[in-house]
Amino acid sequence: MKALRTYLEKRKSALNLILEKSPKSFTPENFHALRVEIKRMNALFDLLNYCSKKFKRKKNYTSFKLIFKQAGKIRELQIEESLLAEQPNSHLLQAYRNHLKKLETKELRRFFAIVNKSFLKKLKKRYNKIIPLITKASVKKVNQYIDKKSRAITKLMCKTKFKKMQMHSFRKRLKTYLYNEKILICESQNQTLQDKNILSDLLGEWHDYEVVINHLKKGIKSNKTNPSVTKQLQVTKAILTSKRELLFNKINATLPYQTLL
């Protein structure tokens, strides 16, 4: 299917453009973009896995998963640093923020130790093996996949309220559906997709709070900070927890009225 091959080529180019950057020129936005591109690639793999028995999703995703997870460790630290910098009296957490910077530097070294010329060659070989399998994806099979995912999302949306443990799992399923739906729609339908992404964006924001709060809990329990810093961490955690709860309620209030599909 031509649309799928074109989409894969775009993802390949976007990923290569990021991965070929020098370590010094990498920015937080690059790590975010990298993870988004790999999510798109993984969603495509989910579709191809449905369309072709010869496509081995786990095998094809292994290399992408490796850098996705490592970039995720870096991204989580960057998000935490960003959120802490926005909080009242953030200067009182300077020692803790310096600690985060050291952790980030450590994870950055690990990331760039993985992403070398040999790794990029491995990815190129993987692309060359995937491209022939794309032709096996018929329009009929692709439409069946989209319809199946659509019905599954609709069923989940019928729930009157999400539980916190369900939020991230639902977001991943929703993202997979949205990424693959976007491959097939025409430009005139982009506004519809923007409307669908509202809930996904809210879920993503909620997840950011969840990650940072859990990391702060570990920082408080570690006893590696002095009492005054620990107290400020507790205050910051309480503020972020309050914001997370408001967002959680907003998401659940949106669900009954959100027409996604």
Side-chain angles (χ1 to χ4, degrees), residues 18 21-39 67-115 162-172 174-175 197-254:
I18 297 170
K21 293 175 71 69
S22 67
K24 290 183 179 180
S25 65
F26 252 78
T27 65
E29 289 73 23
N30 292 145
F31 281 105
H32 173 64
L34 173 66
R35 282 175 55 80
V36 169
E37 288 300 334
I38 295 177
K39 287 177 185 178
I67 55 174
F68 181 79
K69 289 184 70 175
Q70 187 56 36
K73 294 177 182 179
I74 297 166
R75 187 66 187 143
E76 287 182 1
L77 289 167
Q78 291 172 342
I79 290 170
E80 184 172 4
E81 291 167 21
S82 178
L83 278 178
L84 292 183
E86 295 172 0
Q87 303 311 309
N89 298 322
S90 60
H91 63 283
L92 298 177
L93 289 174
Q94 194 58 54
Y96 179 75
R97 291 168 64 190
N98 290 341
H99 170 65
L100 293 181
K101 278 292 183 184
K102 289 180 181 179
L103 289 178
E104 184 184 350
T105 299
K106 183 178 178 181
E107 298 300 345
L108 282 167
R109 282 199 296 265
R110 289 176 177 173
F111 176 82
F112 291 113
I114 297 170
V115 181
F162 273 126
K163 294 180 180 179
K164 290 177 183 177
M165 65 183 70
Q166 299 171 315
M167 300 280 268
H168 187 49
S169 175
F170 174 75
R171 178 183 175 241
K172 289 194 290 185
L174 178 60
K175 274 289 186 185
N197 275 315
I198 292 173
L199 178 59
S200 180
D201 290 342
L202 288 174
L203 288 166
E205 190 179 350
W206 179 87
H207 181 64
D208 286 347
Y209 280 119
E210 184 77 357
V211 167
V212 174
I213 289 166
N214 287 333
H215 202 269
L216 288 176
K217 286 179 181 177
K218 292 179 182 178
I220 292 168
K221 290 180 179 178
S222 68
N223 294 319
K224 291 182 179 179
T225 56
N226 63 51
S228 63
V229 174
T230 298
K231 183 178 180 180
Q232 191 58 40
L233 285 175
Q234 291 171 332
V235 170
T236 302
K237 181 174 77 68
I239 293 171
L240 295 181
T241 299
S242 178
K243 290 182 178 181
R244 181 193 62 181
E245 293 307 304
L246 288 172
L247 194 55
F248 178 73
N249 292 332
K250 183 178 180 179
I251 289 168
N252 274 316
T254 301

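Values in this document were obtained by computation on a predicted structure and should not be read as measured data.
Side-chain contact between Phe111 and Leu34 is present, with heavy atoms from C-beta onward closer than 4.5 Å. Side-chain atoms of Lys217 and Ile213, non-hydrogen and from C-beta on, do get closer than 4.5 Å to each other. Here the side chains of Leu216 and Val212 are in contact, with some heavy-atom distance below 4.5 Å.
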Residues 80-91 side chain polar contacts: donor-acceptor under 3.5 Å, at least two apart:
| residue | atom | partner | partner atom | Å |
| --- | --- | --- | --- | --- |
| Glu80 | OE1 | His215 | ND1 | 2.8 |
| Glu80 | OE2 | Tyr96 | OH | 2.8 |
| Glu80 | OE2 | His215 | ND1 | 3.3 |
| Glu81 | OE1 | Lys101 | NZ | 3.4 |
| Gln87 | NE2 | Leu83 | O | 2.9 |

Worked check of side chain to side chain contact (heavy atoms under 4.5 Å, CB included) between Glu104 and Leu100
CA-CA 6 Å; Glu104 184 184 350; Leu100 293 181; over 6 Å; no
CA sep, side-chain torsions, deciding dist, call: Arg171, His207, side chain to side chain contact (heavy atoms under 4.5 Å, CB included)
CA-CA 9 Å; Arg171 178 183 175 241; His207 181 64; 4.3 Å; yes
Show the numbers, then the answer: is there a side chain to side chain contact (heavy atoms under 4.5 Å, CB included) between Ile67 and Ile38?
CA-CA 9 Å; Ile67 55 174; Ile38 295 177; 3.7 Å; yes
Verify side chain to side chain contact (heavy atoms under 4.5 Å, CB included) between Leu77 and Lys73, making sure each step is shown before the conclusion.
CA-CA 7 Å; Leu77 289 167; Lys73 294 177 182 179; 5.7 Å; no
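Nearest approach of Ser222 to Gly219, heavy atoms of both residues: OG-O, 2.8 Å. Closest of all the heavy-atom pairs between Met167 and Phe248 is CE-CD1, 3.4 Å.
In this structure Arg75 satisfies the salt bridge (charged side-chain N to carboxylate O under 4.0 Å, His left out) test with no other residue, sequence neighbours excluded. Under the salt bridge (charged side-chain N to carboxylate O under 4.0 Å, His left out) criterion, Glu37 pairs with Arg11, Arg40, not counting sequence neighbours.
Classified by interplanar angle (parallel below 30°, tilted 30° to 60°, perpendicular above 60°), the ring pair Phe26/Phe31 is tilted.
Considering Lys102, Arg109, Glu107 as possible partners of Thr105, the one that fulfils the side chain to side chain contact (heavy atoms under 4.5 Å, CB included) test is Arg109.
Between the side chain of Ser169 and the main chain of Gln166, no donor-acceptor pair closer than 3.5 Å is present. At least one donor-acceptor pair closer than 3.5 Å links the side chain of Asn30 to the backbone N or O of Thr27.
Asn249 and Glu245 share no donor-acceptor pair across their side chains, judged by distance under 3.5 Å alone.
Summarising the geometry, atom NZ belonging to Lys250 is positioned 13.0 Å from atom NZ belonging to Lys243; distances are rounded to the nearest 0.5 Å.
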